[in-house]
Amino acid sequence: MLDLASAQVAAATFQRLAEEGLLRIDDALLAANHFSGLLLWIPVNKAMFTGRSQHTEADLDRYAAAGTRVFLAAYR
């Protein structure tokens, strides 16, 4: 989901957070891709499978908050 440069930036950030004891991560690049997937899965799939990509700001906020909760549940 992420381009390589963005994934590497996210991975470096997650690695730093792991080194500070805030996250439990064995593979920071994989974690970055998990995070991206959790954030983008619903809106991308809706666009891909329905041909409609209209989401309200509230929808996107809800997807982002839920994806972040799941990521933290797995990696914190």
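All values derive from a computational prediction rather than experimental measurement.
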Separation between OG1 of T13 and CZ of R16, rounded to the nearest 0.5 Å: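 Answer for the OG1-CZ pair, T13 versus R16, is 5.5 Å.
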
Are [X] and [Y] packed together at the side-chain level, in the sense that at least one heavy-atom pair is separated by less than 4.5 angstrom?
{"X": "E57", "Y": "L60", "answer": "no"}
{"X": "L30", "Y": "I25", "answer": "no"}
{"X": "L72", "Y": "L23", "answer": "yes"}
{"X": "K46", "Y": "W41", "answer": "no"}

Counterpart residues, ring pair (Phe, Tyr, Trp, His ring centres under 6.0 Å), relative to F71 (two or more places apart):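 Residues passing ring pair (Phe, Tyr, Trp, His ring centres under 6.0 Å) with F71: F14, F35, Y75.
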
Other residues, nucleotides, ligands: >12 heavy atoms within 6.0 Å of E20 CD: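 Yes, enclosed.
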
More than 12 heavy atoms from other groups under 6.0 Å of CG on D26: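 Atom CG in D26 is not packed in, count stays at 12 or less.
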
Test item: side-chain donor near acceptor, T56 and D59, under 3.5 Å: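 Note: T56 and D59 side chains meet the donor-acceptor criterion.
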
Single-linkage hydrophobic cluster V70~L22, side-chain heavy atoms < 4.5 angstrom: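 In one cluster with V70: L22, yes.
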
Single-linkage hydrophobic cluster L38~V9, side-chain heavy atoms < 4.5 angstrom: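 No.
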
Donor-acceptor contact present, side-chain T68 to main-chain A64, <3.5 Å: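 Side chain of T68 to backbone of A64, a donor-acceptor pair under 3.5 Å: yes, one is there.
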
Any donor-acceptor pair under 3.5 Å from R24 side chain to R76 backbone: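 Pair found, side chain donor or acceptor close to backbone of R76.
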
Minimum heavy-atom distance A7-A32, with the two atoms named: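 Closest heavy-atom pair between A7 and A32: O-CB, 3.6 Å.
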
For the student: nearest non-hydrogen atoms of A11 and A28, plus distance: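 Minimum heavy-atom contact is O-CB, 3.3 Å.
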
Set of residues satisfying salt bridge (charged side-chain N to carboxylate O under 4.0 Å, His left out) with respect to D27, sequence neighbours excluded: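 Expected list: none.
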
